[in-house]
Engineer: 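First the structure, which I've put down as structure tokens, then a few questions once you've had a look.
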Amino acid sequence: MAPQDLQDLQDPKDPQGFQGFLGFQEQLLWDHPALQVLLVLKDPLASKDLLPAVVHLQGQGSAIQVKNDLSGGVLNDWSRITMNPKVFKLHPRSGELEVLVDGTYFIYSQVEVYYINFTDFASYEVVVDEKPFLQCTRSIETGKTNYNTCYTAGVCLLKARQKIAVKMVHADISINMSKHTTFFGAIRLGEAPAS
């Protein structure tokens, strides 16, 4: 494009010219998925599907003893590392992560478990509205170390107001809640597919 052409686009008498040109460029980027990253980097909330919408929670302590009392075994000792407040809301008392926008979500979690009371396996679930969505179970061999990490992940269609949590399946188990071993998060991948 010649310099004269750019001046024509920026003419204040033609407000649609330059803005229309920018809009055309942005639409061109959206029509090519490989180039969408440029728009997200420009303005993360400007994307058509609120991309990227990320939440990452890490354990904020050392070892904790989990009991299936009032908490029902739900882990709630989370520290917010990153969270998009337009898409996610953390309920610190219950440990639940509320989704504020309908969509398709990638959900992941990892828990480090210490085996005590002669237990030779440990299990936890990622629950959506208290119903199991993912489960991770780990066993330990006799004579080996008495701890292990368990990672699980999956994609789920969620509606606004649904809540996600990490729940231990068995009571009286110790969890290492240090930030590098126990964590939980979600990424909004986009709109739910049309049915």
Side-chain angles (χ1 to χ4, degrees), residues 33-34 36-37 40 44-45 47-61 64 66 68 71-115 119-140 147-171 173-195:
Q36 289 179 7
V37 123
V40 170
L45 295 178
S47 69
K48 292 183 178 179
D49 295 328
L50 295 172
L51 290 173
V54 176
V55 59
H56 183 74
L57 309 172
Q58 293 178 337
Q60 62 175 350
I64 62 169
V66 175
N68 283 340
S71 72
V74 173
L75 300 183
N76 63 2
D77 196 16
W78 299 116
S79 174
R80 285 174 256 202
I81 302 308
T82 184
M83 185 164 72
N84 183 323
K86 293 184 177 188
V87 180
F88 300 103
K89 179 182 180 181
L90 177 64
H91 296 272
R93 288 192 124 164
S94 68
E96 293 175 306
L97 182 64
E98 183 177 351
V99 170
L100 305 176
V101 178
D102 294 357
T104 303
Y105 289 82
F106 174 76
I107 302 168
Y108 63 92
S109 66
Q110 177 175 293
V111 175
E112 184 173 81
V113 178
Y114 289 104
Y115 300 87
T119 303
D120 59 356
F121 70 95
S123 185
Y124 76 90
E125 296 173 334
V126 176
V127 295
V128 176
D129 290 339
E130 301 181 4
K131 295 177 186 146
F133 166 60
L134 300 167
Q135 184 166 345
C136 193
T137 302
R138 270 296 175 61
S139 61
I140 188 168
Y147 61 90
N148 212 333
T149 57
C150 197
Y151 174 86
T152 188
V155 173
C156 186
L157 300 177
L158 297 174
K159 297 281 187 193
R161 316 299 287 167
Q162 287 193 286
K163 293 178 182 173
I164 312 163
V166 175
K167 177 182 178 181
M168 300 310 298
V169 174
H170 304 286
I173 201 154
S174 289
I175 306 297
N176 180 2
M177 289 297 287
S178 68
K179 62 185 180 179
H180 300 301
T181 61
T182 299
F183 50 83
F184 168 44
I187 303 166
R188 186 175 185 273
L189 301 174
E191 295 293 332
S195 50

Engineer: Partners of Tyr124 by ring pair (Phe, Tyr, Trp, His ring centres under 6.0 Å), sequence neighbours excluded?
Structural biologist: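 Checked Tyr124 against ring pair (Phe, Tyr, Trp, His ring centres under 6.0 Å); zero matches.
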Engineer: Taking side-chain contact (heavy atoms from CB on, under 4.5 Å) as the test, write out the residues that go with Thr181, two or more places apart.
Structural biologist: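 Partners of Thr181 under the side-chain contact (heavy atoms from CB on, under 4.5 Å) test: Glu112, Asn176, Ser178.
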Engineer: Please enumerate all residues that pass side chain to side chain donor-acceptor pair (under 3.5 Å) together with His180, with sequence neighbours excluded.
Structural biologist: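 Checked His180 against side chain to side chain donor-acceptor pair (under 3.5 Å); zero matches.
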Engineer: With sequence neighbours left out, what residues match His56 under ring pair (Phe, Tyr, Trp, His ring centres under 6.0 Å)?
Structural biologist: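 In terms of ring pair (Phe, Tyr, Trp, His ring centres under 6.0 Å), with neighbours along the sequence ignored, His56 is linked to Tyr108, Phe183.
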Engineer: Locate the shortest heavy-atom distance separating Ala165 from Val74; write the atom from each residue and the value.
Structural biologist: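 Looking at all heavy atoms of both residues, the closest pair is CB-CG1, 3.8 Å.
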Engineer: Which heavy atom of Ser123 sits nearest to which heavy atom of Thr137, and what is that distance?
Structural biologist: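 Here Ser123 and Thr137 meet closest at OG-OG1, 2.9 Å.
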Engineer: Just so I know, are the side chains of Ile107 and Leu158 near enough to count as touching, which here means a heavy-atom distance under 4.5 Å?
Structural biologist: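 Yes; the side chains approach each other to less than 4.5 Å.
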Engineer: Could you pull out the closest heavy-atom pair between Leu90 and Glu96, with the gap in Å?
Structural biologist: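 Result for this residue pair: CD1-O, 3.6 Å.
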Engineer: Tell me whether the count of non-hydrogen atoms from other residues, nucleotides or ligands lying under 6.0 Å of CD in Gln135 goes above 12.
Structural biologist: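 Atom CD in Gln135 is packed in, count exceeds 12.
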Engineer: Below 4.5 Å, heavy atoms only, C-beta onward: do Val126 and Ile164 meet side chain to side chain?
Structural biologist: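 Counting from C-beta outward, Val126 and Ile164 do come under 4.5 Å.
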Engineer: Could you list the residues that satisfy disulfide bond (SG atoms under 2.5 Å apart) with Cys156, not counting sequence neighbours?
Structural biologist: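 If we apply the disulfide bond (SG atoms under 2.5 Å apart) test to Cys156, skipping adjacent residues, there are no hits.
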Engineer: Apply side-chain contact (heavy atoms from CB on, under 4.5 Å) to Asp77 and list each qualifying residue two or more places apart in sequence or on a separate chain.
Structural biologist: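 In terms of side-chain contact (heavy atoms from CB on, under 4.5 Å), with neighbours along the sequence ignored, Asp77 is linked to Gln60, Ile64, Met177.
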Engineer: Mind checking what makes side chain to side chain donor-acceptor pair (under 3.5 Å) contact with Thr152, not counting sequence neighbours?
Structural biologist: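 So Thr152 forms no side chain to side chain donor-acceptor pair (under 3.5 Å) with any residue.
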Engineer: When you look at Val155 and Leu189, which way does the side chain to side chain contact (heavy atoms under 4.5 Å, CB included) test go after all the steps?
Structural biologist: CA-CA 9 Å; Val155 173; Leu189 301 174; 4.2 Å; yes
Engineer: Are Val111 and Met168 side-chain neighbours, meaning at least one heavy-atom pair lies under 4.5 Å?
Structural biologist: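 The answer is yes; the side chains approach within 4.5 Å.
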Engineer: If you look at every heavy atom in Gly154 and Phe133, which pair is closest and at what distance?
Structural biologist: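 Nearest heavy atoms, Gly154 then Phe133: C-CZ, 4.0 Å.
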Engineer: Show, in sequence, the C-alpha distance, side-chain angles and deciding distance for Leu57 and Arg80, and conclude whether the side chain to side chain contact (heavy atoms under 4.5 Å, CB included) test is met.
Structural biologist: CA-CA 5 Å; Leu57 309 172; Arg80 285 174 256 202; 3.7 Å; yes
Engineer: Could you tell me which residues satisfy side-chain contact (heavy atoms from CB on, under 4.5 Å) with Lys179, sequence neighbours excluded, listed by chain and number?
Structural biologist: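 With neighbours one apart ignored, the set is Gln58.
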Engineer: Of all heavy-atom pairs between Arg188 and Val87, which one has the smallest distance, and what is that distance?
Structural biologist: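 Heavy atoms of Arg188 and Val87 come nearest at CD-CG1, 4.0 Å.
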Engineer: Please report, to 0.1 Å, the donor-acceptor pairs under 3.5 Å made by any side chain of residues 97-105, with sequence neighbours excluded.
Structural biologist:
{"residue": "Glu98", "atom": "OE1", "partner": "His91", "partner atom": "NE2", "Å": "2.7"}
{"residue": "Glu98", "atom": "OE2", "partner": "Arg161", "partner atom": "NH1", "Å": "3.0"}
{"residue": "Asp102", "atom": "OD1", "partner": "Ala160", "partner atom": "N", "Å": "2.6"}
{"residue": "Thr104", "atom": "OG1", "partner": "Glu191", "partner atom": "O", "Å": "3.3"}
{"residue": "Tyr105", "atom": "OH", "partner": "Val101", "partner atom": "O", "Å": "2.5"}

Engineer: Identify the heavy atoms of Trp78 and Gly95 that sit nearest to each other, and give their distance.
Structural biologist: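 For Trp78 and Gly95, the tightest heavy-atom pair comes out as NE1-O, 3.9 Å.
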Engineer: Got a second to check how far Cys136's SG is from Glu125's CD, nearest 0.5 Å?
Structural biologist: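 It is 11.0 Å, given to the nearest 0.5 Å.
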Engineer: Got a donor-acceptor contact below 3.5 angstrom from the Asp129 side chain to the Lys163 backbone?
Structural biologist: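 Such a contact is found between Asp129 side chain and Lys163 backbone.
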Engineer: For a side chain to side chain contact (heavy atoms under 4.5 Å, CB included) check, start with the C-alpha distance between Asn84 and Val54, then their side-chain angles and the critical distance, and finish with the verdict.
Structural biologist: CA-CA 6 Å; Asn84 183 323; Val54 176; 6.0 Å; no
